[in-house]
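The block underneath contains the structure these notes are about, expressed in structure tokens.
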Number of protein chains: 2
Amino acid sequence: MQSAPFDSTKLRCNMCAIRHRAVCGALSDEEISSINAIAKRRLYKPGDMILNADDHVDFFANIVSGAVKLTKMLGDGRQQIVGLQFAPDFLGRAYKERSPYFAEAATDVELCLFPRKAFEGLLKEKPGLEMRLFQDTLNELDAARDWMLLLGRKTASEKVASFVEMIARRTPMIGCSHTDEDPDNVHVFLPLSRSEIADYLGLTIETVSRQIGKLKSAGILRLHASREFSVRDMATLREAANIDEE
Amino acid sequence: MQSAPFDSTKLRCNMCAIRHRAVCGALSDEEISSINAIAKRRLYKPGDMILNADDHVDFFANIVSGAVKLTKMLGDGRQQIVGLQFAPDFLGRAYKERSPYFAEAATDVELCLFPRKAFEGLLKEKPGLEMRLFQDTLNELDAARDWMLLLGRKTASEKVASFVEMIARRTPMIGCSHTDEDPDNVHVFLPLSRSEIADYLGLTIETVSRQIGKLKSAGILRLHASREFSVRDMATLREAANIDEE
DNA sequence: CGCGGATTTGAACTGAATCAATCGACGTGG
DNA sequence: CCACGTCGATTGATTCAGTTCAAATCCGCG
């Protein structure tokens, strides 16, 4: 343990809010400098397009804060959200030149960007990094398949309940708030508008609005603003969502 | 180049129909013996359960021939097919103890099974193998997201047309028939029953049947048997399916 | 205060589900 | 060889969940 010379680049990553939760967690403090050297931060406003479908992709990124929606579109404008990513999720499709979907900032977003070539080089050098990315991808695949069950077989009210449950469940993680709150009074800020929720659930705005209304009048939710509410009865919510998971 | 002693185990994999198209393609002829030593073949009949959801999974597998459907189920029996795998696809969820879905033989199926522990050991030793599996997983994730768009936003007739198009497109691959046939006279055998197609598309049997009827009377399909037909007009089929892809 | 976009609410409509026969194709046994 | 039963697929009639179209209402903001 000797006093090392001051290293500003190393310092940056070591101060990063998601240093250990993002893919960077697969790198040691020694190795992190190699990724630090190539990383750049960038901010996005809600609605900003991060990545267009069929775009040539020349970067990967970690989400430092905020929510990013991945969407697909039919020729006539019908739209489907196929993924919703929060900090500290990874963004980008390895081993493919072009993006298979749009990536759009749903909230204020901060990304930590890595140039494609440099990052792919790192992937080859650090097997731990690739394994970590592989595991993240497997988890995303599981989530996508869960959502397929929702899209194909759940009713409108089950869909909306499932969505609210998912957001409520992930909220403590996202905020990184270590206050282990009362599970029957989770305060939630929705990262999506009604129309985005509709695009996530394969419904219309009107149906989403009506179903949220029902959850409210059933006493399961207490609305504070259109994008802000508390879950008053998690158990009933999960029941309404038809959750099976462990 | 010296004459090697006869090696029956090595011979087996080298004669395998999917030797170079499956994940095994990531291994050299030298390396293949390590996987050969742990592999076992097994046959399944249509409807046989290969893997139950929440089962402790103690093997991985390559599909040597046939089609395997991955399904999820709601408490009340509603079902959704979340993946349809053909030879030479890989089967199994790495880095997770329990299966997140059911895997069921849709047709006659032959698997090449690897004990979990031994295969995970191989994964660590052979980085090429893990990378190959990673790429396969990324492709599955892309496919799952394409299907989410279908499930959430396509109409019944678009769904059925998309399904038929997908099967017609993959048929030449599956059969490994190198006869580059007329694209407007592809002969197709459906690996799924009407009720399975319904579970794949988030529809009912009746709706599937009606939509297939429409494709037939529109002259796009010529039915030979309920599970056997020819595609007469691929361009119109793709149009009806609302395909955007490259 | 008044404007404009997002959300909610209402009423009518419709695509797909449900309910209900019927129709093969196929195997079995008389 | 034909009657019978079974199971998947088709076809028809009806219903209904969710969409569509059309107003309100809410709310943030200059």
Side-chain angles (χ1 to χ4, degrees), chain A residues 45-47 69 74 76-80 106-108 150-164 188-218 221-229 240 242, chain B residues 45-47 69 74 76-80 104 106-107 150-164 188-218 221-229 240 242:
Chain A
K45 289 272 145 212
K69 56 179 178 146
L74 256 20
D76 57 7
R78 278 174 288 171
Q79 217 174 339
Q80 176 68 44
T107 63
D108 277 302
L150 174 145
L151 290 171
R153 290 308 189 194
K154 286 192 179 179
T155 65
S157 64
E158 289 168 335
K159 284 178 174 180
V160 171
S162 298
F163 172 74
V164 172
V188 171
F189 291 87
L190 289 183
L192 302 184
S193 70
R194 294 292 184 271
S195 126
E196 291 171 314
I197 297 171
D199 284 343
Y200 200 14
L201 299 174
L203 296 172
T204 59
I205 330 176
E206 294 94 329
T207 301
V208 171
S209 179
R210 282 184 245 272
Q211 295 302 335
I212 290 181
K214 278 193 193 167
L215 291 176
K216 177 185 159 186
S217 50
L221 300 184
R222 176 146 317 177
L223 287 171
H224 305 129
S226 79
R227 278 179 177 235
E228 189 188 348
F229 57 80
N242 223 321
Chain B
K45 288 270 144 212
K69 56 180 179 145
L74 256 20
D76 58 6
R78 276 174 289 170
Q79 217 174 338
Q80 176 68 43
E104 188 183 332
T107 62
L150 174 145
L151 290 171
R153 290 307 188 196
K154 286 192 180 178
T155 64
S157 65
E158 289 167 336
K159 284 178 174 181
V160 171
S162 298
F163 172 75
V164 172
V188 171
F189 291 88
L190 289 183
L192 302 183
S193 70
R194 295 291 185 271
S195 127
E196 290 172 314
I197 297 172
D199 284 343
Y200 200 15
L201 299 175
L203 296 171
T204 58
I205 328 176
E206 294 95 328
T207 302
V208 171
S209 179
R210 282 184 245 271
Q211 296 301 336
I212 290 181
K214 277 193 194 166
L215 290 176
K216 177 186 159 186
S217 50
L221 301 184
R222 175 145 319 176
L223 286 171
H224 306 129
S226 78
R227 277 178 177 238
E228 190 189 347
F229 57 80
N242 223 320

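Labels below follow one simple rule: chain letters A, B, ... track the order of the sequence lines, proteins then strands, and each chain is numbered from 1.
- The structure places CZ of Arg78(A) at 4.0 Å from CD of Glu158(B), a figure rounded to the nearest 0.5 Å.
- Atom-to-atom, NZ of Lys154(A) to C1' of dA17(D) comes out at 17 Å; the value is rounded to the nearest Å.
- One atom, NZ of Lys214(B), and another, P of dT11(D), lie 12 Å apart when rounded to the nearest Å.
- In this structure a side-chain-to-backbone donor-acceptor pair under 3.5 Å is missing from Arg227(B) to Val188(B).
- Checking side-chain atoms of Gln80(B) against main-chain N and O of Tyr200(B) turns up a donor-acceptor pair under 3.5 Å.
- At most 12 non-hydrogen atoms from other residues, nucleotides or ligands lie less than 6.0 angstrom from CZ of Arg222(B).
- Note: NZ (Lys159(B)) to P (dA17(C)) measures 7 Å, nearest angstrom.
- The heavy-atom pair separating Leu150(A) from Lys159(A) by the smallest distance is O-CE, 3.4 Å.
- In this structure, CG of Leu201(A) is placed 13 Å from C1' of dG18(D), rounded to the nearest angstrom.
- Computed from coordinates, the Arg78(A) CZ to dG15(C) C1' distance equals 13 Å when rounded to whole Å.
- A donor and an acceptor atom, one from each side chain of Lys154(B) and Ser162(B), are located under 3.5 Å apart.
- Sequence order on DNA chain D of the closest nucleotides to Gln211(A) and Ala225(A) puts Gln211(A) first from the 5' end.
- Per the geometry, CD belonging to Glu228(B) stands 16 Å off C1' belonging to dA9(D), to the nearest Å.
- Nucleotide dT18(C) holds its P atom 11 Å from the CG atom of Asp76(B), rounded to whole Å.
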Quick test: give all pairs of protein nitrogen or oxygen and nucleotides 4-9 of chain C nitrogen or oxygen below 3.5 Å, distance rounded to 0.1 Å.
residue, atom, partner, partner atom, Å
dT7(C), OP2, Arg194(A), N, 3.3
dT8(C), OP1, Arg194(A), NH2, 3.0
dT8(C), OP2, Arg194(A), NE, 2.6
dT8(C), OP2, Ser209(A), OG, 2.8
dT8(C), O5', Ser209(A), OG, 3.1

